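Quick notes on the structure that follows.
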There are 2 protein chains.
Amino acid sequence: MQLFWRQGYEATSLQELLDEMRLSKSSFYQAFGSKHALFGRCIDRYRDSLASGMQQQLEAAPRAWDFIAGILNSVAGETQGEDARRGCLVMNTASEFGQSDAEVAARVKAGAARFRKVFLQAVKRAQAEGDIPTERDPGLLADYLVTNMSGLRTLTKAGASAAAIRRIAGVTLSALR
Amino acid sequence: MQLFWRQGYEATSLQELLDEMRLSKSSFYQAFGSKHALFGRCIDRYRDSLASGMQQQLEAAPRAWDFIAGILNSVAGETQGEDARRGCLVMNTASEFGQSDAEVAARVKAGAARFRKVFLQAVKRAQAEGDIPTERDPGLLADYLVTNMSGLRTLTKAGASAAAIRRIAGVTLSALR
DNA sequence: TTTAATATGGACCTTTCAGTCCATATTTAG
DNA sequence: CTAAATATGGACTGAAAGGTCCATATTAAA
């Protein structure tokens with residue numbers, strides 16, 4: 001999953017996967033069937049672990065607004081360190097595959113839907129807490145947040161600085177009020 | 001350029017390029033040197049032609065605001081037709097390469113900067129025309145617009161409908177007022 | 001301890017990848 | 001018309017791609 005996340009599907013060779021997993025080819029094919037099948041499971045795992053992590057963060061946040069602002073600003077932190085600028089596996093995959101592979105496209109859609117769901121809860125709670133006007137459509141704002149997370153991460157890949165990301169995230173947030 | 005745009009760099013084979021260009025291998029290598037070199041020129045060409053097209057649209061628009069709204073909403077149209085959901089070559093390349101290839105990264109950065117420049121002009125004119133408050137930082141809003149264009153196009157690749165794109169674009173626009 | 005089931009290493013397969021090379025056409029210049 | 005320069009087709013290369021297969025280890029059960 002880490003390799004696919006960092007490099008994408010095509011750019012990750014079977015050999016790299018074997019080396020990283022410390023597995024022989026036969027063990028690999030017995031366990032996973034194919035590179036493509038493993039990739040599918042990686043997307044699923046990524047989606048589940050990221051979504052549940054977000055969920056926990058949301059539940060732990062004193063205010064849903066803090067969660068939303070925190071998630072958007074956290075992209076700034078992804079410009080530094082070991083695994084900098086690797087983006088989001090689901091959106092990276094959307095970009096690499098588009099609609100060319102039906103199975104992959106379905107997984108991407110499911111991933112986007114999961115992330116949207118967390119944002120939807122967050123927006124609704126923020127509305128209940130008085131931080132977002134109740135007349136705004138929470139589903140639409142959730143879509144908007146997914147869009148902006150994706151956009152911010154792509155800008156990160158394009159070389160944007162942490163400071164730039166934080167400033168743009170501020171504008172994104174301002175649309176919710 | 002069309003092939004790289006639709007499929008990305010790795011996923012486009014030399015053979016596909018030769019077929020599309022109706023060129024033999026020797027002619028190709030004499031003319032372009034390598035697949036990588038051609039790719040670089042494609043990015044440059046894409047950047048120049050897209051940026052100048054945007055510039056023209058901006059100049060032709062009765063109000064800069066119409067241009068901004070039009071560009072954002074035009075992504076909705078990219079969900080249908082022949083070349084649907086191929087995104088933006090520059091941002092697709094940002095996603096595929098990240099910072100892994102210095103030469104490519106520089107070209108991506110130059111591309112993003114060009115698009116930002118057009119948006120910057122547009123925002124400034126829209127401020128002069130009274131459609132965007134003058135106290136807003138035009139450079140920041142330009143960055144925000146690039147971010148949202150990228151995000152909308154990635155959502156397109158993830159399978160979002162034209163209607164969804166238009167609604168999200170509406171939220172994006174609302175942050176400018 | 002013997003037998004059955006599972007796991008694994010490594011050789012091998014075909015295909016495709018980007019890229020090179022050279023002999024032959026074709027074009028341009030004098 | 002000739003000679004030089006350029007363009008091109010096609011054979012060829014080595015490397016790497018994903019994937020298969022089988023004989024040998026290893027483990028678990030009786």
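Source: prediction; values computed, not measured. Proteins come first, then strands; the chains are lettered A, B, ... in the order of their sequence lines, and each starts at number 1.
Partners of B:Asp19 according to the side chain to side chain contact (heavy atoms under 4.5 Å, CB included) rule, which considers only residues two or more places apart in sequence or in another chain, are B:Gln15. For A:Gln127, there are no side-chain hydrogen bond (donor to acceptor under 3.5 Å, both in side chains) partners two or more places apart in sequence or in a different chain. Legend: residues meeting side chain to side chain contact (heavy atoms under 4.5 Å, CB included) with B:Arg166, ordered by chain and number and at least two apart, are B:Asn73, B:Ala76, B:Ala162. A:Arg6 is linked by a salt bridge (charged side-chain N to carboxylate O under 4.0 Å, His left out) to A:Asp83, counting only residues two or more places apart in sequence or in another chain. Legend: residues meeting ring-ring contact (aromatic ring centres under 6.0 Å, His included) with B:Phe115, ordered by chain and number and at least two apart, are absent. Among residues two or more places apart in sequence or in another chain, the side chain to side chain contact (heavy atoms under 4.5 Å, CB included) test is passed with A:Ser24 by A:Ser26, A:Ser27.
Sequence neighbours left out, the pairs with a member in residues 63-113 of chain B that pass ring-ring contact (aromatic ring centres under 6.0 Å, His included) are B:Tyr9-B:Phe97, B:Phe39-B:Phe97. Identified under the ring-ring contact (aromatic ring centres under 6.0 Å, His included) test for residues 148-177 of chain A, with sequence neighbours left out: none.
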Only distances under 3.5 Å count here; give the side-chain donor-acceptor pairs of residues 168-177 of chain A to other protein atoms, sequence neighbours excluded, each with its distance to 0.1 Å.
| residue | atom | partner | partner atom | Å |
| --- | --- | --- | --- | --- |
| A:Thr172 | OG1 | A:Asn148 | OD1 | 2.7 |
| A:Thr172 | OG1 | A:Ile168 | O | 3.4 |
| A:Ser174 | OG | A:Val171 | O | 2.6 |

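Protein atom CZ of B:Phe28 is 14 Å distant from nucleotide atom P of D:dG9, rounded to whole Å. Between the CG atom of A:Leu23 and the P atom of C:dG9 there is a distance of 8 Å, rounded to whole Å.
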Interface polar pairs with nucleotides 5-7 of chain D, N/O, under 3.5 angstrom:
| residue | atom | partner | partner atom | Å |
| --- | --- | --- | --- | --- |
| D:dA7 | OP2 | B:Gln30 | NE2 | 2.7 |

Check: protein-nucleotides 20-23 of chain D nitrogen or oxygen pairs below 3.5 Å:
none

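Within residues 4-22 of chain B, no residue has any heavy atom closer than 4.0 Å to DNA chain D.
The side-chain heavy atoms of B:Trp5 and B:Gln2, taken from C-beta on, include a pair separated by under 4.5 Å.
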